Every structure is written in C-alpha cells, then in structure tokens.
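In this text the structure is predicted, and so the values were computed from the model without any measurement.
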Amino acid sequence: MSFRRLALGILLSVSVPAMSLAQPADTASRLSLELNTLQDVEGACRLTFVVGNDTGIQIDKAVFETVIFDTAGAVVSLSLFNFRDLPAARTRVRQFELPETACDTVGRALINGASSCLVDGTENAVCEDALTLSSRVAVELLG
C-alpha cells in the first residue's frame with residue numbers, strides 16, 4: 001500500500017510541472033493604451049493616445065468611457081472616447097479634445113471601462129480583458 005502511495009506521489013510531482021509547461025503562455029495578448037501627449041489647441045486640451053493591438057484579433061470598434069479629473073481631484077468630464085477600429089498587430093494614434101479645458105488643469109484620466117467593443121459584429125470582452133494602460137506624460141492614466 002505504501003509503495004502505491006509513493007509511486008502516485010512521484011508520478012504527480014513529475015506530471016504536474018510538465019502539464020503546466022505544456023500550457024501556452026498568452027502574456028503577449030494585450031491591448032495597450034498609452035496617453036502619449038497633451039496639447040493646448042484653440043481653447044481645448046487635445047489628448048493623444050497610442051494604441052497597440054496585440055490581441056491577435058481585429059477589433060472593429062472600441063469605445064471607452066473616460067473620466068477626466070482636474071489637478072485637485074474633481075471630475076471635469078465623463079466622455080465616451082471612440083477609438084474606432086483597431087487592426088490586429090497594428091498601432092493606431094487617436095486624438096480627443098476636451099473643450100474649454102487647459103491641459104495644465106488635467107490631473108489624471110480614468111478609463112472607466114469599455115462602453116462598446118465589437119469583434120465580428122458582436123460585443124467582446126477583449127477590450128477590457130486585454131487592456132493595459134500607461135502614460136508618457138505627467139497625467140496619470142488609470143483603469
């Protein structure tokens with residue numbers, strides 16, 4: 001009886017790590033959203049985003065609910081930013097303007113979630129599940 005337990009223990013200790021190695025690592029599957037620049041233009045603050053779609057699938061439409069906070073932490077606006085189509089394995093640049101807002105008053109931006117994410121004509125969770133956020137400017141991008 002103890003020999004069987006020992007043999008089973010050895011078999012499990014060898015097979016479990018081998019099984020975990022056989023699982024594909026899907027760490028490259030991401031939708032990266034970077035706040036790249038802020039620029040004052042004609043009474044508005046223009047936010048420029050760089051989006052990289054490394055999910056392996058074509059996103060036909062991506063709309064994110066975006067909240068802008070001022071430097072004191074108060075909500076300035078809540079808007080839907082339509083990033084349109086995001087082809088697989090491609091980088092896209094999208095710009096949005098905050099009317100009557102100076103860029104130096106923007107404290108941080110929050111991606112509150114995907115309002116719409118269409119893949120092959122149907123809603124898909126990839127826009128939230130694979131989303132990674134970063135910022136190249138002093139304004140923090142949260143999610």
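In this structure, N36 CG and L33 CG are separated by 11.0 Å, a value rounded to the nearest 0.5 Å. Rounded to the nearest 0.5 Å, atoms OG (S116) and CG (L80) are 9.5 Å apart. Rounding to the nearest 0.5 Å places CG of L98 at 11.0 Å from CZ of R46. Of the inter-residue distances, the one linking D54 atom CG with R30 atom CZ reads 6.0 Å to the nearest 0.5 angstrom. Atom CG of residue L141 and atom CZ of residue R108 lie 11.5 Å apart, to the nearest 0.5 angstrom. Rounded to the nearest 0.5 angstrom, S115 OG and F64 CZ are separated by 10.0 Å.
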task: Please test S135 against E34 for side-chain hydrogen bond (donor to acceptor under 3.5 Å, both in side chains), starting from the C-alpha separation and ending with a verdict.
output: CA-CA 5 Å; S135 179; E34 175 191 84; over 6 Å; no
message: Please determine whether side-chain contact (heavy atoms from CB on, under 4.5 Å) holds for the pair L35 and L47, giving the CA-CA distance in whole Å, both sets of side-chain angles, and the decisive distance to 0.1 Å.
response: CA-CA 7 Å; L35 179 55; L47 285 73; 4.1 Å; yes
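In this structure, S29 and A130 approach most closely via the heavy-atom pair O-CB, 3.9 Å. Shown here for T105 and T101, the closest heavy-atom pair between the two residues is OG1-CG2, 3.7 Å. Between L86 and N53, the shortest heavy-atom distance links the atoms O-ND2, 2.7 Å. Considering every non-hydrogen atom in both I59 and C117, the closest pair reads CG2-SG, 4.3 Å. When all heavy atoms of A44 and E97 are compared, the pair lying nearest together is CB-OE1, 4.1 Å. Considering every non-hydrogen atom in both V93 and V50, the closest pair reads CG2-CG2, 4.2 Å.
Between the side chain of S77 and the backbone N or O of S79 there is no donor-acceptor pair closer than 3.5 Å. Not a single donor-acceptor pair under 3.5 Å links the side chain of N112 to the backbone N or O of E65.
Ring orientation note: the planes of F96 and F81 are close to parallel, at an angle under 30° on the 30°/60° scale.
Cluster annotation: I68 is not connected to V63 through the hydrophobic network of ILVMFWY side chains, with a link wherever side-chain heavy atoms come within less than 4.5 Å. Clustering ILVMFWY residues whenever any of their side-chain heavy atoms sit less than 4.5 angstrom apart, transitively, puts I111 in a cluster other than the one holding F69. The hydrophobic clustering, which links ILVMFWY residues whose side-chain heavy atoms are closer than 4.5 Å, places L38 and V67 apart.
Defined by atom type and a distance below 3.5 Å, a donor-acceptor pair is missing between the side-chain atoms of T48 and Q39.
Between L31 and T132, the closest side-chain pair of non-hydrogen atoms is not below 4.5 Å. Using a 4.5 Å cut-off on side-chain heavy atoms (C-beta onward), V51 and T91 make no contact.
At least one test fails for R94 against the ring of F83: distance under 6.0 Å to the centre or angle within 45° of the axis.
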